[in-house]
Amino acid sequence: MDYILPKEGQLKLKVWPKDTIAGGRRHTVGLNSDGTVTAVGDNKLGQCDVSGWNDIVAVAAGNVHMATNTGNAHTIGLKSDRTVVAVGWNNDHQCDVNEWHDIVAVAAGWRRTIGVKSDGTVVAVGRNNDGECNVSGWHDIIAVAAGDWHTIGLKMDGTVTAVGNNRYRQCNVSDWCIIVAVKAGYLHTIGLKSDGTVMAVGLNKHNQCEVSEWRDLVEIAVGSNHTIGLKSDGTVVAVGWNKFGQCNVNDWRDIVAIAAGCAHTIGLKSDGTVMAVGDNEYGQCDVSIWQCIQLPEISF
């Protein structure tokens, strides 16, 4: 895994990681090595209509907790010219990103989209009932994560900021430091430290925050109620809700990137193929035929 830049580098340089796989409520998105995008799963609202996209450098998928009255989602693509494209559910204008420019990182939550600009400021569109889009005052941001009703920002100095619903203390991250990656689930937040350990706050009903013993992590991913960690040796660990087998990753090997949907988990192998476990009601885990998915890169 020599091609993965040490995470500590994010604290010293203005660096923006690029996600090449993403999981939504009922769909999965992959960035091909030629800059096109593929998607499988529920396409009720056009969230998988990405076949015409090109020159994409990162993807994001709107997630949501699993409930009988949820499921709508959207998909975001960051282009090489730093503009953004979107398809899918747009009831809260979460896909109104056509006028965005100079964007270097994106995240998609429930009913909203977050973008990081090259100057470290942040833009947001979509649902703001809990103040989850109140990011206009943020600065020096290098990465963002979007949960259902809260938004997390990682600053260049390794500290973390948060806005939105804090009912389960999922926004209590002000004392975090030396963080190199952040992810947000339904009601919990995860942070990867530069020493390979992991922090967690928020709802722990399914033990999704039981990560204190994890070591040697290089990447994290979060579903609605489960948490995934990628180790430096290419193996994967998981905790949390496992009703659909979304945490059954112990036998995975040679993984270079991970992502999580609501109740499924995705792993990208070093040969560009993809693995998936968990809820597959809509075919969101049908990724075994995918080839040549873009390996993770870091952009400066």
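Computation of the quantities below employed the complete heavy-atom set of this structure, encompassing side-chain atoms and omitting hydrogens, waters and symmetry-equivalent molecules.
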Chemist: Measure up the H206 and W241 rings against each other and bin them: parallel (under 30°), tilted (30 to 60°), perpendicular (over 60°).
Modeler: tilted
Chemist: So that I know where these two stand, are W149 and Y186 an aromatic pair - ring centroids less than 6.0 Å apart?
Modeler: yes
Chemist: Determine the minimum heavy-atom distance between Q294 and T20, stating which atoms define it.
Modeler: O-OG1, 2.8 Å
Chemist: Considering residues at least two apart in sequence or located in another chain, which fulfil the side-chain contact (heavy atoms from CB on, under 4.5 Å) criterion with V123?
Modeler: W100, I103, K117
Chemist: Under 3.5 Å, is there a donor-acceptor pair between the R112 and T151 side chains?
Modeler: yes
Chemist: For a side-chain hydrogen bond (donor to acceptor under 3.5 Å, both in side chains) with H150, tell me which candidate from T189, D130, N166, N165 qualifies.
Modeler: T189
Chemist: Go through the steps for M275 and W252 under the test side-chain contact (heavy atoms from CB on, under 4.5 Å), then give the verdict.
Modeler: CA-CA 8 Å; M275 304 179 68; W252 285 10; 3.4 Å; yes
Chemist: Examine the side chains of Q284 and D42 and answer whether a donor and an acceptor come within less than 3.5 Å of each other.
Modeler: no
Chemist: Can we say R111 and D92 salt-bridge, meaning some charged N sits less than 4.0 Å from an Asp/Glu carboxylate O?
Modeler: yes
Chemist: Salt bridge between D19 and K183, side-chain N to carboxylate O under 4.0 Å?
Modeler: yes
Chemist: Is V106 reachable from I56 through a run of I, L, V, M, F, W or Y residues, each pair having side-chain heavy atoms under 4.5 Å apart?
Modeler: no
Chemist: What is the minimum heavy-atom distance between D49 and N43, and which atoms define it?
Modeler: OD1-ND2, 2.9 Å
Chemist: Below 4.0 angstrom, N of the basic side chain to O of the carboxylate: do E281 and R26 qualify?
Modeler: no
Chemist: Heavy atoms, side chains only, cut-off 4.5 Å: are I152 and V144 in contact?
Modeler: no
Chemist: Any salt bridge between D102 and R82, counting N to O under 4.0 Å?
Modeler: yes
